[in-house]
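In what follows, a structure is listed as structure tokens, so that the remarks can point back to it.
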Amino acid sequence: MGVCECKSKLCEYVKTEDFKKEKHVPVIDFPHDIQAGEPFTVTVEVGKEIPHPNTTEHHIQWIELHYKPDGDQYSYLLGRTSFDSHGASVEGPNTGPAHTSPHACFKVSIMGPGTFTALEQCNIHGIWEYSTPVKV
Ligand SMILES: [Fe+2]
């Protein structure tokens, strides 16, 4: 068993930007009065300020929400949502009756302050991330 010697890391390809300027950035919203161990809802939305296309050819495939407690060396995957309908049908692209929008809700509880990180993948523009501190 050895250590991977690959010089290429996924983090080198994950992009981020100001969500008010870039449609791919996942925006994280949650209440500001969080109590340790009490459930609350975190929403993650792509295209909140600038809508992202939602077509058969160009769409958001999934969103993940991670939590890294302050002082912990590990992060925890809180949830992952896939978006699987983008207008495809037997008639062809963009002729179908259903679309799923890149908006996910996660009901969670945490025991202390840390950082929420959301990741999302566009089918043609790769993986984007956004992080924000969370106080408890
Ligand atoms: Fe895109």
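Whatever order the structure lists them in is the order used to number ligands and atoms, beginning at 1.
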Enumerate the residue pairs fulfilling salt bridge (Lys or Arg N to Asp or Glu O under 4.0 Å) with a member in residues 120-136, sequence neighbours excluded, ordered by first and then second residue.
none

Residue pairs involving residues 25-39 (criterion side-chain hydrogen bond (donor to acceptor under 3.5 Å, both in side chains); sequence neighbours excluded):
D29-K48

Look only at the side chain of S101 and the backbone of H103, and say whether a donor-acceptor pair between them is shorter than 3.5 Å.
no

Keeping to distances under 2.8 Å, can you name the protein N/O/S atoms close to the Fe ion (ligand 1)?
H24 NE2, H52 NE2, H58 NE2, C122 SG, H125 ND1

Thinking salt bridges, do E64 and R80 make one under a 4.0 Å N-O criterion?
yes

N/O donor-acceptor pair under 3.5 Å between H59 side chain and T56 backbone:
yes

Who are the side-chain contact (heavy atoms from CB on, under 4.5 Å) partners of D84, not counting sequence neighbours?
S82

